[in-house]
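Residues: numbered from 1 along the sequence shown. Remember, predicted model here, so these are calculated numbers, not experimental data.
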Amino acid sequence: MDEQALLGLNPNADSDFRQRALAYFEQLKISPDAWQVCAEALAQRTYSDDHIKFFCFQVLEHQVKYKYSELTTVQQQLIRETLVSWLQAQMLNPQPEKTFIRNKAAQVFALLFVTEYLTKWPKFFFDILSVVDLNPRGVDLYLRILMAIDSELVDRDVVHTSEEARRNTLIKDTMREQCIPNLVESWYQILQNYQYTNSEVTCQCLEVVGAYVSWIDLSLIANDRFINMLLGHMSIEVLREEACDCLFEIVNKGMDPVDKMKLVESLCQVLQSAGFFSIDREEDVDFLARFSKLVNGMGQSLIVSWTKLIKNGDIKNAQEALQAIETKVALMLQLLIHEDDDISSNIIGFCYDYLHILKQLTVLSDQQKANVEAIMLAVMKKLTYDEEYNFENEGEDEAMFVEYRKQLKLLLDRLAQVSPELLLASVRRVFSSTLQNWQTTRFMEVEVAIRLLYMLAEALPVSHGAHFSGDVSKASALQDMMRTLVTSGVSSYQHTSVTLEFFETVVRYEKFFTVEPQHIPCVLMAFLDHRGLRHSSAKVRSRTAYLFSRFVKSLNKQMNPFIEDILNRIQDLLELSPPENGYQSLLSSDDQLFIYETAGVLIVNSEYPAERKQALMRNLLTPLMEKFKILLEKLMLAPDEERQASLADCLNHAVGFASRTSKAFSNKQTVKQCGCSEVYLDCLQTFLPALSCPLQKDVLRSGVRTFLHRMIICLEEEVLPFIPSASEHMLKDCEAKDLQEFIPLINQITAKFKIQVSPFLQQMFMPLLHAIFEVLLRPAEENDQSAALEKQMLRRSYFAFLQTVTGSGMSEVIANQGAENVEQVLVTVIQGAVEYPDPIAQKTCFIILSKLVELWGGKDGPVGFADFVYKHIVPACFLAPLKQTFDLADAQTVLALSECAVTLKTIHLKRGPECVQYLQQEYLPSLQVAPEIIQEFCQALQQPDAKVFKNYLKVFFQRAKP
């Protein structure tokens, strides 16, 4: 072995040594006999360094996993013997190996097992057991090997080929026949031997039993001697959690519903008489979390049995199952209400499924009604935040509580399906009593009361938020609660969670304000003052900015009386905060976007005449334009990069804000009606000079580009005069990303204005292409993934551009570029269809080719195009699908093939019998296609139904590929 390279295996070695060790490992993997050196080193215990031992096992693992079939019988025998002698040596070692080495060794044993058990090594387990006997070191390794085998055979997370899956099934069948009873006996002996003296080995053994029970005969485990031993373990502190998990796996095993019911019931009786159901006496929360999972498993198993029995029409046994379920509900409730959320969370599945049963019953007994109410109260209590929740700095614990709350929400929704009236009444009771005394109530109780009202909207669904019409009792209850919410003054509560819940609920029930509009002013004030947009918490201000824009949009007509007042009050929030003087604005620029959008919506949806709207819009946008000009001058003179970057950001925000105000318009018509076209044209003239700024090009271009996209929708042809110079600037020294983002703008213009922009497109067509080709031809590092991806995306954008031009009936834009350029473009499309293994681009290329054949492929098409069809387009339709990289099992590739079929059909349509003759007599024979297949192909091509040919083409290429 290369001792120098082995030094690099130590995690503390420097990077040169580590690199050398990695290279050495790769070298040994390829070497035909390196594994023998490693096997010898392990068998003879040549090395004491743990990392080298692990390394040797890794080399062996690679050999067994990938190259085992290349070994001779003698060599395979050597690997078996090496592993067994290593195992024997472990019995005598003064110190056990480190855990990571034992686990790796177990993996190698497991790999050898799945490879050899059915053929060369049927006595695998007997050989191992004869070596380890009851030696604790040996038993530890034996159990680790069993776990590794289980994960090779049944682990759902490992993706197996169908061949491996078949092999694994055969191994399990053979094991069941030949050795499972012996293995089970060995487990029993291990448990009996070590339960009081070696908890680690005992827990490992319980884990093995739990893993194997899912696929072996249950009667081997679910019998008196095993169950009694497991119940004994439930009372031993160091074993009880693992014993609980093992019982859970036993209960979870699929079986006949009546047998399952008997098993669960007998288990429950024993657990109950042993005192395990007295939850309040148990202080160990880790154990209770496992126990809760066990009870959940028992409950859900009984419910599955009940469902099957009902389906089979076995009413008597179904009744018994339901009775068994009902007797577990009291225990379930104790666990659900437990103050530890993990314990509660583990029982939610049973609770949810129990409610699903009740939903199916036509009449509920008094006890069942009481159960529903108890679950409801438990959910309400458990939704409450605890004192420790950190709202300012939410970490992992907080994230777990948020997830837990989502589970409780599902229970609440299910409760609503069982008894909507009860849910509504319970929430109303809690809500009313809490809000009556909110000033003296703890924040978490106030928050949960409002939260429950908020959750009712989804629990009792209606279409289009119409909570306040239809069912009178429900509508009036919700209306009462909303009235209380907005008039109680609770929006002033001094806790962020209550404030946020207030605003979320107000926006969720915005339809309330169409029924009682008199409450709008006080809610608007809450949004606009220190409770909302001016709150001391940035988190509250940010969320309120978004909610405020939703509130205003949803109540647009009701906003009329307040527009001027709102615009005045938000004036300071619209300030473009400059990067100087460390001025900290209340809102981030992302939040300000919502405020600008809100201002735009208020102006546009108002009932003011056009002149007033225009004046208001000008007031909104003029400060942005003025600031923009000043900042752009400053940027030109900015000395250092950091200052330039912050100024460019600020300029970009200004453009973004202006863009966002235009969201209030749906099209040019509305802009014209509001008299706002001129203001936006002024903005355009103000922003466009930023394109010629040589500094911070990326940031500035992307902002202006977005603005242009919006203006094409809002101003339509009024934008066109600005496009040529804007395009010219955007094409100067660009990167792949710039072009990729510029092309959609040109596509939008082309698709929208078609013939109107033909002169402009003709003029900029080749400059754009040159810019694209220049970037695509730039050399890049061979393994630079991001550069390769950027080029792939640019190539897609380029083809999308050609598709837009040809698809918008503008093929003359290409035709007028001169014969040489036209040919260059056509060749790139052929290359795109054939050479690059990117099915998305290939599909686009075939769409372009079909279109061009349709336009130019007839008798009166451009000179030379018919030749091009036969020389290049027809071959492309065969060469592309014949490539190894053209994967017919991939959905995108199938779409590309479908377009390829359309191309061939279009050629046949335009060229008629001449095309069939060319395929029959020249092209297909040149590919060595058999005459009868050629005949079949041409017949399929001539079928009137295009679908027939598409299906045929797929089969044709599946047959053609090796």
Side-chain angles (χ1 to χ4, degrees), residues 743-744 746-766 768-769 772 795-834 840-880 895-919 923 941-942 944 946 949-950 953:
I743 291 170
I746 297 299
N747 290 350
Q748 186 187 7
I749 294 166
T750 307
K752 190 165 183 64
F753 301 115
K754 299 194 171 64
I755 210 75
Q756 269 177 286
V757 287
S758 180
F760 157 68
L761 272 180
Q762 294 196 32
Q763 190 184 338
M764 61 91 52
F765 187 83
M766 284 322 288
L768 173 61
L769 263 59
I772 294 171
R795 217 174 271 119
R796 283 183 190 175
S797 299
Y798 163 59
F799 293 131
F801 166 61
L802 293 181
Q803 185 191 345
T804 308
V805 172
T806 51
S808 304
M810 315 265 286
S811 59
E812 77 280 356
V813 168
I814 302 176
N816 295 343
Q817 299 300 323
E820 206 171 301
N821 287 335
V822 173
E823 186 167 357
Q824 188 188 359
V825 172
L826 292 175
V827 168
T828 61
V829 180
I830 297 289
Q831 283 173 334
V834 178
I840 293 176
Q842 288 175 293
K843 178 180 113 181
T844 312
C845 290
F846 280 119
I847 293 173
I848 299 166
L849 292 171
S850 301
K851 195 72 195 167
L852 290 174
V853 171
E854 184 192 318
L855 296 167
W856 298 347
K859 301 286 181 254
D860 48 359
V863 179
F865 188 73
D867 277 353
F868 187 84
V869 169
Y870 292 127
K871 255 195 201 146
H872 297 285
I873 301 182
V874 170
C877 294
F878 290 89
L879 297 177
L895 293 176
L897 184 69
S898 176
E899 292 304 335
C900 168
V902 174
T903 306
L904 283 165
K905 285 292 287 180
T906 312
I907 295 170
H908 175 246
L909 185 77
K910 299 303 275 185
R911 308 299 305 176
E914 164 196 293
C915 157
V916 178
Q917 191 179 352
Y918 173 72
L919 286 169
Y923 189 69
L941 178 63
Q942 292 171 84
F949 181 60
K950 278 183 189 177
L953 200 62

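The SG atom of Cys900 lies 11.0 Å from the NZ atom of Lys950; values are rounded to the nearest 0.5 Å. How far OG of Ser797 is from CD1 of Ile772: 8.0 Å, rounded to the nearest 0.5 Å. Put simply, OG on Ser898 and CD1 on Ile847 are 9.0 Å apart, with the number rounded to the nearest 0.5 Å. Leu904 contributes atom CG, which lies 12.5 Å from atom CG of Leu909 (distance to the nearest 0.5 angstrom). Taken to the nearest 0.5 Å, the CZ atom of Arg796 stands 10.5 Å off from the NZ atom of Lys843. Note that the CG atom of Leu953 and the CG atom of Leu941 stand 9.5 Å from one another [nearest 0.5 Å].
For Gln942, the CD atom sits in a packed shell: over 12 heavy atoms of surrounding residues, nucleotides or ligands are nearer than 6.0 Å.
In this structure Phe799 satisfies the ring-ring contact (aromatic ring centres under 6.0 Å, His included) test with no other residue, sequence neighbours excluded. Partners of Gln831 according to the side-chain contact (heavy atoms from CB on, under 4.5 Å) rule, which considers only residues two or more places apart in sequence or in another chain, are Val827, Thr828, Glu835, Tyr836. Leu826 is linked by a side-chain contact (heavy atoms from CB on, under 4.5 Å) to Val822, Leu852, Phe865, Phe868, counting only residues two or more places apart in sequence or in another chain. Residues forming a side-chain contact (heavy atoms from CB on, under 4.5 Å) with Leu855 (at least two apart in sequence, or on another chain): Ser811, Lys851. Lys754 is linked by a salt bridge (Lys or Arg N to Asp or Glu O under 4.0 Å) to nothing, counting only residues two or more places apart in sequence or in another chain. Considering only residues two or more places apart in sequence or on other chains, Phe760 meets the ring-ring contact (aromatic ring centres under 6.0 Å, His included) condition with none of them. In this view, Phe846 satisfies the ring-ring contact (aromatic ring centres under 6.0 Å, His included) rule with no residue, not counting sequence neighbours. Applying the side-chain contact (heavy atoms from CB on, under 4.5 Å) test to Gln748 and every residue at least two apart in sequence or in another chain returns His709, Ile712, Ile713, Leu745.
When all heavy atoms of Thr844 and Ala800 are compared, the closest pair comes out as CG2-N, 4.0 Å. For Pro875 against Val869, the heavy-atom pair with the smallest separation is CD-O, 4.3 Å. Contact between Gln817 and Val813 at its shortest, heavy atoms only, is NE2-O, 2.8 Å. The two residues Arg911 and Gly857 make their nearest non-hydrogen contact at NH1-O, 2.8 Å.
Using modelled atom types, one side-chain atom of Gln842 and one backbone atom of Ala833 make a donor-acceptor pair closer than 3.5 Å. Panel note: side chain Ser808, backbone Val805; no donor-acceptor pair is recorded below 3.5 Å.
Residue pairs meeting the salt bridge (Lys or Arg N to Asp or Glu O under 4.0 Å) criterion with at least one member in residues 804-830, sequence neighbours excluded, do not occur. Within the structure, side chain to side chain donor-acceptor pair (under 3.5 Å) contacts touching residues 901-910 (residues at least two apart or in different chains) are Ser850-Thr903. Residue pairs satisfying the ring pair (Phe, Tyr, Trp, His ring centres under 6.0 Å) criterion with at least one member in residues 801-820, sequence neighbours excluded, are listed as follows: Phe765-Phe801. Applying the side chain to side chain donor-acceptor pair (under 3.5 Å) test to every pair with at least one member in residues 857-875, sequence neighbours left out, gives these pairs: Tyr870-Glu914.
Side-chain contact between Ile873 and Val829: absent, with no pair of heavy atoms (C-beta onward) separated by less than 4.5 Å.
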